[in-house]
Trainee: 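The structure's right below; bear with me while I get my questions together.
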Amino acid sequence: MFKGLSPAVAAELEGVEPVDPDLIYQGEAEIDLGGRTVLLREVGPAHTRSDQIGLVDGRVLFAGDLLETRIFPIAPYFPPHDTDVDGEGWIDALDRLAQLAPHTVVPGHGEVTDASLIHDVRHYLVHVRDEALRLRKRGATADETAATVDENARTRWPSWERPEWIGLTARAFEKTLHDRYQLGTSVPAIPENMPARPTPVPGNVVASSEDTGIKVTWDAVYGAIGYQVRYRLVGVTVWTEFPVSMNRFDTTWTEDGMEWEYQVRTDNGGRVESDWSPTVRATAHPKTAPPPVGIVTTATATGVDVVWGAPTGPYTDTIDRYQVITYDKDTPGAFIDGTSVTGTSVHIDGLTPGHHYAVSVVTWNAVGGGLPGAGRAVTIGAGSPPAPGGLQVTSTDATTVQLTWSGSPQAAGYRVWVRNINNGSQSSADEFIVDTTHRDIAYLFPAPGTMSSASPPSTGPWSPRSPTASSRPIPRAASCIDPQCC
């Protein structure tokens with residue numbers, strides 16, 4: 001079906017082999033994603049013939065293209081290739097979604113929001129249906145109906161984007177009125193040759209400092225499928241690209257004084273893209289609060305205890321809550337989970353035993369969430385890990401060595417301790433925790449000799465010393481590896 005939409009799409013799909021699903025169900029099914037229960041349910045025909053939704057723990061609704069935020073709903077009515085959209089079925093599906101009373105709604109496009117989006121989209125679809133019915137009963141042609149509905153909808157929802165979908169939604173409802181209610185003498189026709197989507201370079205690209213970071217906006221390109229934004233810190237050579245469906249991009253989690261630069265291009269799919277816009281810059285001056293201090297994480301049998309101290313400094317006078325973020329590093333495609341609390345401690349349960357989790361805490365004030373503060377990673381239910389073994393030290397240049405060792409699945413990470421054996425100094429370590437079994441140590445004072453490791457018995461097991469020979473002068477220092485369990 002999709003190959004028939006355009007030559008560009010057909011070229012992209014050449015040689016693609018569909019992958020059979022792991023789970024086939026009818027009606028509904030429940031799956032367990034490591035302590036998260038997901039209800040899968042058929043709700044089509046609506047947006048398509050076989051729409052389905054996912055409801056996570058009875059609270060988070062993944063609605064796909066049944067719902068869009070600040071975008072006119074996408075009605076894929078493209079005869080003869082795609083005519084499955086059912087306007088009445090769509091309204092009925094939204095009624096059923098509203099009955100689920102989700103706390104959070106993840107739409108197919110746009111920002112994550114709450115259940116009010118269900119009612120907003122339903123209100124729009126009912127308006128289009130009623131207008132199409134009223135106009136057809138008065139004898140309006142299909143083109144006249146689509147044009148009138150388009151004009152009225154743009155007026156009623158002026159902040160919504162992608163208005164090219166209004167007319168197709170009206171035509172889809174006209175098909176429903178004809179097929180289901182025998183209104184009209186024929187199904188409205190669609191031109192055989194669809195006009196090419198305009199793909200100009202976006203204009204009026206502006207980057208500006210906002211209370212939460214930096215906002216980038218540009219003039220919307222009528223008919224565009226979406227946009228690509230690329231960004232980087234000034235002075236960095238590599239760009240990071242990110243797709244967006246609307247003419248806005250926000251940079252958050254940035255520090256005060258950081259200068260960012262951006263470029264934007266129109267993206268119509270199938271490698272139909274415009275050139276990049278001229279570069280714009282802005283310096284971030286966020287008014288978010290700093291991250292918490294003294295974050296301590298302690299793994300339990302099925303979760304993690306997290307304790308922290310309140311930050312001080314600018315913008316801390318309006319702190320109203322904290323967000324504890326956990327991420328399962330052992331589950332491909334895992335979601336980032338957030339727990340909101342008003343105090344300075346929390347126990348998070350229901351994590352997967354044996355899995356490694358990253359933990360961080362975000363301070364929220366009247367503006368929003370700031371930069372997260374990282375706590376030490378944890379391994380759920382693992383207890384104290386054994387000492388790393390096989391420590392090897394290799395000189396890579398006059399002031400740098402590379403350490404490698406064998407680890408343990410019980411360890412959530414490793415911290416390296418170093419001391420200068422020339423002056424008898426005490427071992428010291430920074431707070432940089434690695435989750436790999438290697439690390440480079442740089443800026444060591446060079447002197448002829450060998451590298452060895454020490455094992456000061458302070459808290460927990462340490463790796464034994466591991467001398468290694470080298471033909472070049474290497475730093476004289478001692479190092480040991482501290483496995484982090486929590």
Side-chain angles (χ1 to χ4, degrees), residues 5-13 65 68-74 76 106-113 150 154 157-168 194-288 367-371:
L5 294 179
S6 74
V9 173
E12 287 290 317
L13 295 177
D65 281 346
E68 326 286 358
T69 306
R70 294 193 297 112
I71 300 176
F72 285 102
I74 299 171
V106 183
H109 299 270
E111 301 90 351
V112 175
T113 182
D150 183 288
R154 290 171 188 256
W157 291 275
S159 64
W160 287 14
E161 300 179 1
R162 308 291 293 277
E164 66 269 20
W165 291 110
I166 301 173
L168 291 176
M194 299 294 288
R197 290 182 180 271
T199 315
V201 176
N204 195 30
V205 181
V206 177
S208 59
S209 178
E210 296 285 311
D211 287 351
T212 56
I214 293 177
K215 177 181 72 174
V216 185
T217 60
W218 55 93
D219 292 339
V221 176
Y222 178 78
I225 292 177
Y227 309 91
Q228 288 280 341
V229 178
R230 65 181 184 181
Y231 59 94
R232 64 187 178 186
L233 283 167
V234 173
V236 176
T237 58
V238 179
W239 293 95
T240 298
E241 294 187 17
F242 195 83
V244 295
S245 58
M246 294 169 288
N247 57 325
R248 173 169 174 164
F249 179 80
D250 290 271
T251 295
T252 57
W253 288 7
T254 180
E255 294 183 358
D256 184 61
M258 284 185 170
E259 188 177 12
W260 296 82
E261 56 186 8
Y262 304 85
Q263 293 180 340
V264 184
R265 70 181 177 190
T266 304
D267 182 3
N268 278 326
R271 299 180 182 175
V272 180
E273 303 162 335
S274 73
D275 292 331
W276 290 104
S277 70
T279 301
V280 296
R281 293 183 177 182
T283 301
H285 298 293
K287 296 181 180 179
T288 52
V367 169
L371 275 170

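We're numbering straight along the sequence, starting at 1.
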Trainee: Ignoring hydrogens, what is the shortest heavy-atom contact between V367 and T288? Give both atom names and the distance.
Mentor: CG1-CG2, 4.1 Å

Trainee: If I compare all heavy atoms of P107 with all of T69, which pair ends up nearest, and what's the gap?
Mentor: CG-OG1, 3.2 Å

Trainee: Quick one: pull up CG in L371 and OG1 in T254 and give me the separation to the nearest 0.5 Å.
Mentor: 7.0 Å

Trainee: What do you reckon, is CG of D250 surrounded by more than 12 foreign heavy atoms closer than 6.0 Å?
Mentor: yes

Trainee: Does anything in residues 201-223 pair up under ring pair (Phe, Tyr, Trp, His ring centres under 6.0 Å), and if so which pairs, sequence neighbours excluded?
Mentor: W218-Y227

Trainee: Restricting to non-hydrogen atoms, name the atom on S274 and the atom on T199 that form the minimum distance, rounded to 0.1 Å.
Mentor: CB-O, 3.3 Å

Trainee: When you compare the side chain of S245 with that of I71, does any pair of heavy atoms fall below 4.5 Å?
Mentor: yes

Trainee: So how far is it from K215 NZ to R248 CZ, rounded to the nearest 0.5 Å?
Mentor: 5.0 Å

Trainee: Would you sort out whether F249 and V264 count as a side-chain contact (heavy atoms from CB on, under 4.5 Å), showing the intermediate values?
Mentor: CA-CA 10 Å; F249 179 80; V264 184; over 6 Å; no

Trainee: Rounded to the nearest 0.5 Å, what's the gap from CD on E273 to CZ on R265? Could you check?
Mentor: 3.5 Å

Trainee: Show the numbers, then the answer: is there a side-chain contact (heavy atoms from CB on, under 4.5 Å) between V205 and V216?
Mentor: CA-CA 7 Å; V205 181; V216 185; 4.1 Å; yes

Trainee: Search all heavy atoms of A282 against all heavy atoms of S208 and return the closest pair with its distance.
Mentor: CB-N, 4.0 Å

Trainee: To the nearest 0.5 Å, what is the distance between CD on E210 and NZ on K287?
Mentor: 10.0 Å

Trainee: Show the nearest heavy-atom pair for residues W260 and T251, with the distance to one decimal.
Mentor: CE2-CG2, 4.1 Å

Trainee: What pair of heavy atoms forms the shortest contact from A284 to E255, and how long is it?
Mentor: CB-O, 3.8 Å

Trainee: Knowing that exactly one of L233, I214, V234 qualifies, which makes a side chain to side chain contact (heavy atoms under 4.5 Å, CB included) with E259?
Mentor: V234

Trainee: Distance-only, no hydrogens or angles: does the T252 side chain make a donor-acceptor pair with backbone N or O of G213 under 3.5 Å?
Mentor: no

Trainee: Enter the distance from R281:CZ to Y262:OH here, rounded to the nearest 0.5 Å.
Mentor: 12.0 Å

Trainee: With heavy-atom distances below 4.5 Å as the criterion, would you say the side chains of D219 and P202 are in contact?
Mentor: no

Trainee: Where the side chain of N268 meets the backbone of P198, is there a donor-acceptor pair that is under 3.5 Å apart?
Mentor: yes

Trainee: State which residues pass ring-ring contact (aromatic ring centres under 6.0 Å, His included) with W157; sequence neighbours excluded, sorted by chain then number.
Mentor: H123, Y124, H127, W160

Trainee: Counting C-beta onward and ignoring hydrogens, is there a side-chain heavy-atom pair between D65 and H109 closer than 4.5 Å?
Mentor: yes

Trainee: Just grab all the salt bridge (Lys or Arg N to Asp or Glu O under 4.0 Å) pairs involving residues 221-239, residues at least two apart or on different chains.
Mentor: R232-E261

Trainee: Apply side-chain contact (heavy atoms from CB on, under 4.5 Å) to residues E111 and M246 and explain how you reach the verdict.
Mentor: CA-CA 10 Å; E111 301 90 351; M246 294 169 288; 3.7 Å; yes

